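Below is one structure, written out as structure tokens; the observations come after it.
Just so you know, ligand 1 is whichever comes first in the structure, and atom 1 is the first atom listed for that ligand. Worth saying up front: this structure is predicted, and the values here are computed from it rather than measured.
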Amino acid sequence: MLEERMRRWRHVFKLDPNRPISDEALAAVAESGTDAVIIGGTDGITYENTRELWERVSRFPVPCVQEISSTDAVVPSCEGHLIPVVLNARETEWLGGAQHRAIKLFGDWIPWEQIAVLGYVVLNPDSKVARLTRSRTELQPADMTAYIRLAERLFRLPAAYVEYSGTYGEPAMVEAARRGKKDVQLFYGGGISTQEQAETMARLADTVVVGNLIYENLEQALQTVRWVKEPSGGKSTQT
Ligand SMILES: CC(C)=CCC/C(C)=C/CC/C(C)=C/CC/C(C)=C/CC/C(C)=C/CC/C(C)=C/CC/C(C)=C/COP(=O)(O)OP(=O)(O)O
Ligand SMILES: O=P(O)(O)OC[C@@H](O)CO
Ligand SMILES: [Mg+2]
């Protein structure tokens, strides 16, 4: 089951099908020691660019899953699919509307064992995902704790995702998320670029996601694997 395999992920890279990446960079990402590669993004995502990127990553043994942001771009051959639900979206479209249409469309073809739902709480108001979903990003720590309880206790989701896409987040908000959780797998993603940031979020979250840095500073992005998986206990190993 994808939910069980996903539990072992400590560090994950997120590759965007809408951004070019060379074969060398892709090989470095796939062979970095990361636990998985997620293929997904908010805009410009098509069946063609997702399928092409998935074919390139699937030549490597690293687990690779698609995070679905549009029904048109579902690639059935991917070995697993993550389904986002945006808990703080103002519009129900992103809280069940789009998912309902997709379930109706794909019907009996959906391989449920290979699907995992991620309950997103989107916090960077300037990110594409926040604008698209009109997320309520002005949250207090108590709101965050409640969202994580909503994800785990009411919706029984396997995972909740504190999403600061494009900017480094407030550790206090991730701490508040941690306070709300018992068993739900807590993801953190957003703006990680330094050892201190990676180690801070790795202490608070179960799984740390690194995206943009792959395209901005590949060498630094590759180091995040070690920073998350082998924390230095305060000593800088940044090169
Ligand atoms: C055999 C066969 C046919 C198999 C296929 C079956 C299958 C897997 C069916 C899918 C079933 C299903 C329920 C699909 C869900 C469809 C859907 C459209 C759901 C809505 C998802 C959603 C809430 C989208 C909103 C955007 C979002 C949350 C995207 C997630 C990724 C993300 C946050 C990216 C980061 O974005 P950002 O950094 O802001 O932007 P860029 O990286 O692009 O800059
Ligand atoms: O791209 P960054 O800012 O690293 O964020 C990673 C991921 O949480 C995006 O969905
Ligand atoms: Mg992004």
Side-chain angles (χ1 to χ4, degrees), residues 2 11-19 29 34 37-47 49-51 54 65-135 137 157 159-169 174 186-194 197-198 201 205 207-217 220-221 224 228:
L2 178 59
H11 179 284
V12 173
F13 278 126
K14 194 180 278 193
L15 287 177
D16 188 336
N18 196 31
R19 296 174 88 164
V29 165
T34 189
V37 172
I38 296 176
I39 296 183
T42 301
D43 66 351
I45 308 299
T46 64
Y47 173 81
N49 62 20
T50 306
R51 166 94 204 213
W54 176 75
V65 299
Q66 178 184 14
E67 182 172 47
I68 301 175
S69 51
S70 153
T71 308
D72 300 338
V74 174
V75 177
S77 43
C78 287
E79 67 196 78
H81 293 89
L82 301 176
I83 312 291
V85 172
V86 181
L87 301 174
N88 61 330
R90 283 196 176 83
E91 284 161 17
T92 55
E93 171 68 3
W94 310 109
L95 253 171
Q99 295 83 352
H100 169 262
R101 275 199 310 283
I103 292 168
K104 192 172 165 194
L105 180 71
F106 290 103
D108 293 339
W109 292 102
I110 299 179
W112 291 108
E113 301 269 295
Q114 299 310 328
I115 296 249
V117 182
L118 304 179
Y120 271 79
V121 184
V122 174
L123 288 147
N124 174 7
D126 299 323
S127 63
K128 286 180 201 156
V129 61
R131 288 200 292 264
L132 174 74
T133 61
R134 297 188 53 245
S135 288
T137 56
L157 301 183
Y161 194 133
V162 179
E163 173 65 290
Y164 275 96
S165 179
T167 192
Y168 183 65
V174 192
L186 187 61
F187 283 66
Y188 170 82
I192 288 189
S193 65
T194 68
Q197 291 171 345
M201 291 309 179
T207 306
V208 172
V209 184
V210 175
N212 289 343
L213 192 61
I214 301 166
Y215 303 93
E216 289 157 6
N217 184 338
Q220 193 102 337
T224 63
V228 168

Inset, instruction - Could you verify whether a donor N or O on one side chain and an acceptor N or O on the other, from His11 and Thr224, lie under 3.5 Å apart? - result: yes
For a 4.5 angstrom cut-off between non-hydrogen side-chain atoms, does [X] reach [Y]?
X      : Y      : result
Phe187 : Leu118 : yes
Val129 : Leu132 : no
Ile214 : Phe13  : yes
Leu82  : Ile38  : yes
Met201 : Tyr168 : yes

Inset, instruction - Could you walk me through whether Asp43 and Asn18 pass side-chain contact (heavy atoms from CB on, under 4.5 Å), step by step? - result: CA-CA 8 Å; Asp43 66 351; Asn18 196 31; 4.0 Å; yes
Quick one: does [X] get an N or O within less than 3.5 Å of an N or O on ligand 1?
X      : answer
Ser165 : yes
Ser69  : no
Val86  : no
Thr42  : yes

Inset, instruction - Under 4.0 Å, heavy atoms only, figure out whether ligand 1 is touched by the backbone of Lys128, its side chain, both or neither. - result: both
Inset, instruction - Would you sort out whether Asn124 and Arg131 count as a side chain to side chain donor-acceptor pair (under 3.5 Å), showing the intermediate values? - result: CA-CA 9 Å; Asn124 174 7; Arg131 288 200 292 264; over 6 Å; no
Per-atom contacts, ligand 2 versus [X] - under 4.0 Å to a heavy atom:
X      : value
Asn212 : 1 (O), 2 (P), 3 (O), 4 (O)
Gly191 : 2 (P), 3 (O), 4 (O)
Glu163 : 7 (C), 8 (O), 9 (C), 10 (O)
Gly211 : 1 (O), 2 (P), 4 (O), 6 (C)

Legend entry - Gap between atom CG of Asn88 and atom CG of Leu123 - 0.5 Å precision: 6.5 Å
What atoms of ligand 1 come within less than 4.0 Å of a heavy atom belonging to [X]?
X      : value
Ser127 : 39 (O)
Ala98  : 18 (C), 20 (C)
Ile103 : 13 (C)
Ala102 : 12 (C), 13 (C), 14 (C), 15 (C), 16 (C)
Glu67  : 30 (C), 31 (C)
Trp94  : 22 (C), 23 (C), 24 (C), 25 (C)
Phe106 : 3 (C), 9 (C)
Asp16  : 41 (P), 42 (O), 43 (O)

If you measure from [atom] to every heavy atom of [options], which option wins on shortest distance?
atom                    : options                        : value
atom 7 (C) of ligand 2  : Tyr164, Tyr161, Tyr188, Tyr168 : Tyr161
atom 20 (C) of ligand 1 : Lys14, Arg101, Gln99, His100   : Gln99
atom 10 (C) of ligand 1 : Leu132, Leu118, Val209, Ile68  : Ile68
atom 7 (C) of ligand 1  : Ile83, Asn18, Val74            : Val74

Inset, instruction - Run the contact test for Ile115 against ligand 1 with a 4.0 Å cut-off on heavy atoms, strictly below, and give the result. - result: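 A heavy atom of Ile115 does come that close to ligand 1.
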Legend entry - Close N or O approach (Gly166, ligand 2; < 3.5 Å):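 So ligand 2 has an N or O lying under 3.5 Å from an N or O of Gly166.
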Inset, instruction - Could you tell me whether some N/O pair between Lys14 and ligand 2 is separated by less than 3.5 angstrom? - result: yes
Inset, instruction - Begin from the C-alpha positions of Ser69 and Ile45 and carry the test side-chain contact (heavy atoms from CB on, under 4.5 Å) through to its verdict. - result: CA-CA 8 Å; Ser69 51; Ile45 308 299; 3.9 Å; yes
Inset, instruction - Let me know which of Leu186, Val12, Val228 forms a side chain to side chain contact (heavy atoms under 4.5 Å, CB included) with Thr207. - result: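 Of Leu186, Val12, Val228, side chain to side chain contact (heavy atoms under 4.5 Å, CB included) with Thr207 is met by Val12 alone.
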Legend entry - All pairs passing side chain to side chain donor-acceptor pair (under 3.5 Å) where residues 96-106 contributes a residue, at least two apart: Glu93-Arg101
Legend entry - Set of residues satisfying side chain to side chain donor-acceptor pair (under 3.5 Å) with respect to Glu67, sequence neighbours excluded: Lys14, Tyr120
Legend entry - Donor-acceptor pair, side chain of Ser135 and main chain of Thr137, under 3.5 angstrom: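 The answer is no, because no donor-acceptor pair under 3.5 Å joins these two groups.
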